[in-house]
Amino acid sequence: MNPYELRKDFPILNDETLCYLDTAASSLKPRQVIERLDEYYEKYGVNVHRGVYNLSYVATEMYEEARRKVSDFIHAKFDEIIFTRGASSALNLVASSYGLNHLTSEDEIIVSELEHHSQVLPWQNVSHITKAKLVYIPLDSEGRITVENVKKVLSNKTKVVAINYISNVMGYITPIKEIISLAHEVGAVVVIDAAQAAPHKTIDVVDLDCDFLAFSGHKMCGPTGIGVLFGKKKLLDNMPPIEFGGDMNDNVNLYDASWKDVPYKFETGTPPISEAIGLGAAIDYLLSIGLDEIGKHEFKLKEYTVKKLKEIEDIIIYNESAETGIISFNIEGVHPHDAVSYFDGDNICMRAGHHCAQLIIKWLNVVATLRVSFYLYNTIEDCDRFIESVRNARDFFKSVGF
Amino acid sequence: MNPYELRKDFPILNDETLCYLDTAASSLKPRQVIERLDEYYEKYGVNVHRGVYNLSYVATEMYEEARRKVSDFIHAKFDEIIFTRGASSALNLVASSYGLNHLTSEDEIIVSELEHHSQVLPWQNVSHITKAKLVYIPLDSEGRITVENVKKVLSNKTKVVAINYISNVMGYITPIKEIISLAHEVGAVVVIDAAQAAPHKTIDVVDLDCDFLAFSGHKMCGPTGIGVLFGKKKLLDNMPPIEFGGDMNDNVNLYDASWKDVPYKFETGTPPISEAIGLGAAIDYLLSIGLDEIGKHEFKLKEYTVKKLKEIEDIIIYNESAETGIISFNIEGVHPHDAVSYFDGDNICMRAGHHCAQLIIKWLNVVATLRVSFYLYNTIEDCDRFIESVRNARDFFKSVGF
Amino acid sequence: MNNLETLYRQVIMDHYKNPRNKGLVTNSLYKTIHIKNPSCGDDITIQTKVENGLIKDIRHDGTGCSICCSSASVMSETLKGKTITDAKKISSTYINMLTNQEYDTSVELEDAIVYQGVSKFPARIKCASIAWKAFEGTLEESE
Amino acid sequence: MNNLETLYRQVIMDHYKNPRNKGLVTNSLYKTIHIKNPSCGDDITIQTKVENGLIKDIRHDGTGCSICCSSASVMSETLKGKTITDAKKISSTYINMLTNQEYDTSVELEDAIVYQGVSKFPARIKCASIAWKAFEGTLEESE
Ligand SMILES: Cc1ncc(COP(=O)(O)O)c(C=O)c1O
Ligand SMILES: Cc1ncc(COP(=O)(O)O)c(C=O)c1O
C-alpha cells in the first residue's frame, strides 16, 4: 500500500498542512465513502423494507447488501449482523438484552481496567441490577490483559467476559482467542469490543469463536451514526429485543405482539440506511487496500516514532511495546492539555485526556495522556513533523518554566 | 412557496418521470442538506467533545449548533434536546427510562389504536414489566382521538398518555393541547409522537406544555440515522440513562460512576455527528420556506386529490376529513399490493401495507391500505398523474377480473 | 397503460379467483411449512405429501396479493405428480427466472412461465416466490 | 515555533506556578461554586465573600491545565476588592474578549488581558473561562 496515493482519497487532506493523528477517536473519510452516501441521497434516498415500489426495493437491496458486506468482513453469517448507532450502542444492547436477562447474584462478570467506558459501564449497570459480581482481571506490569491473569479470575461462576480486542489507550492486542476458549470451558460467553480492531486488522469471528463482537463505522473510514453488533445466531435467537416499534414486529395486537427473526427484531424504526450503505463502502475501500497491510503500516510508523521520541528528553511513553499504531505519552511536568494546544498550533491533531477510559488512566496514575494514533493515510513525514513538534514543545514548555 | 422552484433542490427529482408520494415513510433530501453532510466529511469530519484541537472544536460547535437549531425549531431549551437514532429510539428512551422507573401495577398508561408501533409497543413492554394497565382511548367513528373520548379513560390512575400528534395512516391532527392540559390535571405526563408533525407544522412545546416529544430527521428533509427526543428539563434530570459508556459519564470508578448533566447523560458514545448537522440544515431549509406554508400546500393537494378520487368508481377513502396531506384508500376488491405495483409501473411511489400501524388497520377492518402523502415538492401535476393512474388501475384490474 | 399487464395474464387471474388444491389437511404424511412476508402481509402455508420419490400431493392456504395466492395454486398444479428431482429442478429454475439470473430454458415450467413478467417488478419477486420457497422447505423436511 | 507563545506569557506561568488565593475555606459567608469540564478533566471550585456590595475575598482550588489554574488565580487577584458592579463588568468583558465577541476596551482587565491570546485557540476558551463562570455563579448565589 502506498499512503501517498491513498491520501488523495481524503478530501480533508487537501489541506497539506494538516497532520491528523487522532484516528483512534475517529478516522477521516475517503471520497469513495462520501460519494456512496451522496448516491443514496441523490438517487434512491427513500425508506427500506416498507415500500413495495422499485426505488424502495433498490434502497432495501443496498441496505441489506451492506449487511452482507459486514458479515463477510468478519466472516459471520448474514443474519448475525445487527446495525446499531455505534459500538457503544451495540455493547449496551448485549448488556441490556443478554446481561439483564441471564445473570443473577450468583454470577460473575469479568471485565478489565483496560476497557473503554462503553465496555465497562454497561456491565456495571448489569451488576447493579442483577447483583452479579463485577470482577476485574489484574493487569500485568505493562497494563496488559494476559491469559495467565484471566485464568486467575475465571471460574464456574463466570457468566460473561467483556473485554477489548485492541485497547484505545495502550494499543495492545488482547489474546482473545485463548481467552475465549478458556471462557467457553467454564460456560461463559465472551463480548469483544472490537472498535479499535475492526479498522486495523482482519477479524474472523468463526476462528475466534467469539459470542458477541461490536465496532463502529466512523473509526474505519465509514460514516458517523452506524455501528455493528455481531452475535452468534443461537444466542441472538434467545435474547429479547430492547427497543420496540415499527419494523421489528410481526403481528401486533392490543396487548401483545410477536417479533421478527434476528437481526430485525433488534432493529426498530427506520434504520440508519445511508450510514449502513456508507459503512459498506468503507469496507470495500479497506478491503481494496488490505487490512493486514494497513496494520503493518501503522505499526511501522509507531515503531519509528517511538524510537525517535525516546531520543527526546522528558518524554514518558506508556505503551512502548504496543503491537499497533497507538502511542500514549506525556511530556514530564506538562499537563497534556497544555501540550496538545502546542501541537494544534502546528496543525497536528491529536488527543489529550482520559480517552473515555478513566480506569486505565487511573491505573497509570496520571491525570491524562497524550495519544497519537496512525492510519493508512499517515506517512513517515507525518511522524517527522510530529516528532519535531514534540521536541519544540518540550523545549518551549521548559523554557517558560514548566 | 413555489413547489416548482423547490423541486429543483431535490436531485432525485431530476428524473422528471418520478412521482414521489411516500413522504410519510421518508422524505426526499434537498441538495442543501446533502451538501452540509459532505461539508462535514470533507472539511471537519472528526470526533466531537473529545479533542482539544481546532478541527474537533469546529465539529463540536457544529454539532451543538444543530442542537440549538432543533431546540429553537420546537421552542424548547437547548439542554432539553437529546439526539437519538430516530423517533422510534426516542420513544423507547422515554418508555425505558421514564416508564420502567415510574410506573407500578396501580398505574395506567393511555395509548390509542391510532398509534404507530413505535409509540404503542414500548408501552406494551412497560405494561408487561411493571404491570401497569394499558388503556386504549376509544376512537370516534372516523378513527379520531377526541378530547371527549380521552376524558372517558383519563383518571387519577393515569400516569402516562402516549399519543401521536398526526397519524401516519389517517393524517388526523390530534387535539393534543387540550389533552395535555387534561392529563396534567390528573398528574399524568404526556408523550407526543411528532414524527408526522415536525415535518409539516410548527410545533411549540412550551405552548403545548408537553412533557416529551419525539421525531425523526429523515421524514423532514434530513438524513437517516437521527432523531430527536425533547423532554422537560426537570423530568429528564430525574430519569436514569439507559445506555452507558463513553461521553455520558463524569467520574468513573471500578464499581460505580456518575453521569454528566442532561442531555449528555442520554447520549453515549460518538454521536450521530453528520446526521445532527444534516438535520440542522434540514431545519434551516424548512424554515426558509415556512412550515405553515408547507402544511397548507399539502392540504390543498390532498383536498384536490380526494375530490377527484371520489369521482372514480370503486375507490374507498378512509380519512376524507384529514387536515393534512395524507390519503389512505383502497380500490374495492383489489389487494393493495397488487394496486401499488400498478402505480409503480407508472413511476408513482406510494405505500401499501399496514404502515407500521396494524391496530388502526385492524380497526378499519381491512388487510392493508394504499397511502399517498404529499410534501413541499409535490405539485398539482403529481396529483393529476396519480389520479389518472388510479383511474387506469381501477379499469385495468376490473378488466382482468378483480 | 403501464407494463403491469404481463403480470396479470389470464392464468394468474384464473388461479387467483379459482385456486386449485386450496385448503390444508390434517395428516401426518404431509410436511407443512408456513412463511410470512411481514413487510407486506403475505402469509402462506404449504403442505406436501411425498411417496416413493414422487410428489403425491400439494396443499396450500393463506392470504396475500394475487401474485402470491395465484402462484401457490400454480405451483401446486405444476409440481404435483413430479419426481422430487424434477420438482426441485423446476422450482430452482423458476426462482432463477424470477430473480433475473441465468436459467435453464429447457426445463418445462408449464403455467409457471407466466410469472416471468414479475422479474420486471423486483419489489414483487418475493410475492411470486414465497409459495415455492415454502414448497422447497417441505422437501427439506421430508429428507 | 508556533503561536502558542502568546498563551504562556510570563504572567500565566507565574500564576500557574505560584497561585494566589489558593485553597478553600469553611465559612458560610462564602458562596461556593464547583465547575467541571468533563471533556478535559478541568475541575475548579471558586468561593466568594461579598460584603456591602464589595467582593471582599475570592478563594479557588482545583486541578487542570495551566490556562485553567492560572486564570483562577488571575481572576481572584483581578476581582478582589472590586464592587459587584465592576466585577460583573470586568467578567463579562473578559468572556467577550475570549470568545471573539465585541467587548468594551475601556474596561480595565488588568493582568487578565494576557488571556486575549486564548481566543486564537477556541478549544481552550473553556479552560480560560471556567473559573470566571464559577465566580459569576457565586455572585448569583449571593443575590
Ligand atoms: C407516526 C410515526 N411515529 C413514529 C415513526 C417512527 O419513526 P422512525 O422510523 O424514523 O423511527 C413513524 C415513521 O415511520 C411514524 O410515522
Ligand atoms: C475501544 C473502544 N471501544 C468503544 C468505543 C466506542 O465507540 P463509539 O464512540 O463509536 O460508540 C471506542 C471509541 O471511542 C473505543 O475506542
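Values below: every heavy atom of this structure, side chains too, minus hydrogens, waters and symmetry copies. Each chain gets a letter, A, B and so on, in the order its sequence line appears, and its residues count up from 1.
Highest contact tally toward chain B, considering only A:V111, A:D38, A:V340, is held by A:D38 [criterion: heavy-atom pairs under 4.5 Å]. Considering only heavy-atom pairs separated by less than 4.5 Å from chain B, the leading option among A:L28, A:L93, A:D256, A:I242 is A:D256. Ranked by non-hydrogen atom pairs under 4.5 Å with chain A, the options B:L37, B:L91, B:N253 are led by B:N253. By number of non-hydrogen pairs under 4.5 angstrom with chain B, the leading residue of A:I348, A:V46, A:D15 is A:V46. In terms of heavy-atom pairs under 4.5 angstrom with chain A, the leader among B:S89, B:A257, B:S127 is B:S89.
Side-chain atoms of A:N92 never come within 3.5 Å of backbone atoms of B:E243 as a donor-acceptor pair (strictly under, hydrogens ignored). Looking at A:R85, its side chain never comes within 3.5 Å of a backbone N or O of B:I226 through a donor-acceptor pair. A donor-acceptor distance shorter than 3.5 angstrom exists from the side chain of B:Q358 to the backbone of A:V252, with no hydrogens or angles considered. A donor-acceptor distance shorter than 3.5 angstrom exists from the side chain of A:T224 to the backbone of B:S274, with no hydrogens or angles considered.
At least one side-chain heavy atom of B:C356 sits less than 4.5 Å from a side-chain heavy atom of A:D247. Between A:N347 and B:Y53 there is no side-chain heavy-atom pair separated by less than 4.5 Å. Side-chain atoms of A:D22 and B:L55, non-hydrogen and from C-beta on, never get closer than 4.5 Å to each other.
For the residue pair A:N47 / B:K219, no side-chain donor-acceptor distance below 3.5 Å is found, with atom types taken as modelled. With hydrogens and angles left out, the side-chain atoms of A:Y57 and B:D344 include no donor and acceptor closer than 3.5 Å.
Residue B:N14: no heavy atom, backbone or side chain, is found under 4.5 Å from chain A. For chain B, no part of A:W363 is nearby; none of its heavy atoms comes within less than 4.5 Å. For B:Y20, the part sitting under 4.5 Å from any heavy atom of chain A is the side chain, from C-beta outward, and nothing else. Heavy atoms closer than 4.5 Å to chain B are found in the side chain of A:Y40, but not in its backbone. In this structure, the portion of B:E113 lying under 4.5 Å from any heavy atom of chain A is its side chain and not its backbone. If you measure heavy-atom distances from A:L359 to chain B, the contacts under 4.5 Å come from the side chain alone. At a 4.5 Å heavy-atom cutoff, the contact between A:P223 and chain B is made by backbone and side-chain atoms alike.
Considering only residues two or more places apart in sequence or on other chains, A:Q32 meets the side chain to side chain donor-acceptor pair (under 3.5 Å) condition with A:D9. Listed by chain and number, the residues in a side chain to side chain donor-acceptor pair (under 3.5 Å) with B:T84 amount to none (sequence neighbours excluded).
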Test side chain to side chain contact (heavy atoms under 4.5 Å, CB included) applied to A:E42 and B:I34, step by step: CA-CA 8 Å; A:E42 292 177 357; B:I34 302 171; 3.7 Å; yes
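Residues of residues 118-126 of chain A that come closer than 4.5 Å to chain B, counting heavy atoms only, are A:S118, A:L121, A:P122, A:Q124, A:N125, ordered by residue number.
When all heavy atoms are compared, the tightest approach of A:S88 to B:G269 is OG-CA, 3.2 Å.
Interatomic distance, CZ of B:F244 versus NE2 of A:H117, reported as 14.0 Å (0.5 Å rounding).
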Enumerate, atom names and distances included, each donor-acceptor pair closer than 3.5 Å involving a side-chain atom of residues 131-139 of chain A, sequence neighbours excluded.
from, atom 1, to, atom 2, distance (Å)
A:K131, NZ, A:H128, O, 2.9
A:Y136, OH, B:L254, O, 2.5

